[in-house]
Amino acid sequence: MGRMSRRGFATAAAVGLSGLVTAGLAVAAELSGGDGSDGDSGGDDSRPRKRRAPAGELRGMWVATVANRDWPSKPGLTAAQQRTELLAHLDQAVARRLNAVIFQVRPTADALWPSPYEPWAQCLTGVQGKAPGWDPLGTAVKEAHARGLELHAWFNPYRIANHTDPTKLVASHPAGKHPDWVVPYGGKLYYNPGLPEVRTFVQDAMLDAVKKYAVDAVHWDDYFYPYPVAGQVFDDDDAFAEYGDGFADRAAWRRDNIDRLVLETAARIKKVRPGTKFGISPFGVWRNATTDSRGSDTRAGVQTYDDLHADTRKWVRQGWIDYIVPQLYWLAQPLDQQVPANYSVLAPWWAEVARGTGVQLYIGEALYKAGDPAQPAAWQDPAELSRHLTLAAKYPEVKGHVFFAAKEVAVDRIGAMARVVADHYQRPARAPR
């Protein structure tokens, strides 16, 4: 999701919020319910692992903090100003009759809570490692729950920085203490997923938040191995030489590294806080059918299996995770339309992947494109996103939608979000349990 263009936070986020805290508390009383469910993992790819399918409909929005995309509106605000802005986002979620907020709490190997593993996030004060004077994650959990909202803690496992200069990191940063863990690539710094010690560390860092706070879910986005950059090589030669024996090729070894991260994290979440869900939001194309007959009828330039080394289909078919939110950020075109990727193709493809597994399927929606003058004409139609939800409703496996992202939910340039609410969210709904 960080690949999307960034715009300044619109002050209109706070418009129309009068009285919404009261409304949120009323919704909380109406929607109070039971604990989340857990499930088992393992199995082979031909026989999906079945979980008890919870009832409900997820209506979520992402709140991105990387580079101050959605919140805080800029670094260096006072604690009170930051808190006010955060509560405004939660109140907007209530106003739009959403029931879940996916809050980015580890944007660049730093933290939005007091962590013993990593420094305070730079997006808060403008200085990585500087305490902001309050606890954003703790506040978000408490205030979301008071409004009847789920709070999903969104982590990015491997991204360290949106630059390649280690000297810009705070002196105490683990990447500075362990330069052998770090790979520069595509203008950014990443932890090397091929190192077992890295895999353990990033889990420890993320699960510290799960131990401390009653988050409803652990959530990852689409970044595993980084998106390909033409002419550049992700240099994991030494790690592959040490740990790659027994694999057909480097790609298979890399996929195994990510599989291990998913499986290990899922198991540890269940031990640390039973009932907390584990969800992943990948890029929407697993593989094109021209590459793999099990793939989608798409011609996408990126395939998660091949390019990000993330076997997202397997994680669902084998029941390793509780939910998946493929980012279907394309128009819903006629099925005979020759386009690289098509919402009308991918929604039923993912429904088939999820069928019989008990893994909940939610669809990531590109609200940020609605009304963007750089987008095609169809995205200027306020009804486009509503049509997506109408199409997805044909498939019972689709249990909800998540909108990217919070500032667009608030500003709603052309009324696309308002149209979704009017057409599909006339009453509050419980999130799936």
Side-chain angles (χ1 to χ4, degrees), residues 9 12-36 54-65 70-73 79-105 112-113 134-154 209-210 212-219 273 275-277 279 323 325 362 367 399-412 417-418 420-422 424-433:
F9 183 97
V15 173
L17 297 182
S18 176
L20 289 180
V21 173
T22 302
L25 293 173
V27 171
E30 179 180 348
L31 298 184
S32 60
D35 295 330
E57 174 190 20
L58 192 86
R59 303 172 180 178
M61 73 176 187
W62 282 287
V63 180
T65 60
D70 292 319
W71 178 88
S73 58
Q81 290 170 325
Q82 290 177 6
R83 187 178 188 277
T84 296
E85 287 190 353
L86 180 59
L87 297 190
H89 283 303
L90 300 181
D91 289 336
Q92 275 288 356
V94 173
R96 302 295 192 180
R97 301 194 185 98
L98 306 181
N99 55 29
V101 171
I102 300 173
F103 183 40
Q104 190 175 35
V105 299
L112 270 73
W113 74 96
W134 69 304
D135 181 354
L137 176 54
T139 300
V141 171
K142 177 181 176 181
E143 296 291 342
H145 290 170
R147 290 161 173 76
L149 299 167
E150 287 194 351
L151 196 290
H152 297 208
W154 166 17
V210 182
K212 291 176 177 174
Y213 306 100
V215 297
D216 297 285
V218 169
H219 181 97
R273 191 175 289 276
T276 298
K277 294 174 285 188
Y323 71 77
V325 193
Y362 315 131
L367 177 62
K399 302 296 185 181
H401 302 262
V402 183
F403 299 91
F404 192 83
K407 72 178 180 183
E408 285 79 13
V409 169
V411 176
D412 199 15
M417 191 69 211
V420 165
V421 173
H424 303 279
Y425 296 165
Q426 293 184 6
R427 294 180 58 81
R430 285 186 176 89
R433 296 290 182 179

Closest non-hydrogen contact found for Val101 with Val63 is CG1-CG2, 3.6 Å
Closest non-hydrogen atoms of Leu90 and Ala144, given as atom of the first, atom of the second and distance, are CD1-N, 3.7 Å
Over all atoms of both residues, closest heavy-atom pair of Leu367 and Met417: CD2-SD, 3.9 Å
Under 3.5 Å: donor-acceptor pair, side chain of Glu408, backbone of Ala405: yes
Smallest heavy-atom separation, Arg147 atom then Asp91 atom, equals NE-OD1, 2.7 Å
In Å and rounded to the nearest 0.5 Å, what is the CG to CD distance from Asn99 to Glu57? 7.5 Å
Separation between CG (Leu149) and CG (Asp216), nearest 0.5 Å, reads 9.5 Å
ring-ring contact (aromatic ring centres under 6.0 Å, His included) partners for Phe103, two or more places apart: Trp71
Can you sort out the partners of Tyr213 under side-chain hydrogen bond (donor to acceptor under 3.5 Å, both in side chains), two or more places apart, ordered by chain and number? Asp135
Non-hydrogen atoms of Tyr425 and Leu98 that approach each other most closely: CE1-CD2, 3.8 Å
Carefully, step by step, assess Trp134 and Leu86 under the rule side-chain contact (heavy atoms from CB on, under 4.5 Å). CA-CA 12 Å; Trp134 69 304; Leu86 180 59; 3.9 Å; yes
Sequence-distant partners of Ala100, side-chain contact (heavy atoms from CB on, under 4.5 Å), two or more places apart: Leu58, Glu150, His152
I need the Lys407 NZ to Ser73 OG distance, nearest 0.5 Å. 10.5 Å
Test side-chain contact (heavy atoms from CB on, under 4.5 Å) on Asp70 and Gln104 and set out the steps. CA-CA 10 Å; Asp70 292 319; Gln104 190 175 35; over 6 Å; no
Across all chains, not counting sequence neighbours, the salt bridge (Lys or Arg N to Asp or Glu O under 4.0 Å) partners of Arg96 are Asp412
Side chains of His89 and Met61 in contact at under 4.5 Å (non-hydrogen atoms): yes
Counterpart residues, side-chain hydrogen bond (donor to acceptor under 3.5 Å, both in side chains), relative to Arg273 (two or more places apart): none
Which heavy atom of Val105 sits nearest to which heavy atom of Trp113, and what is that distance? O-CZ3, 3.4 Å
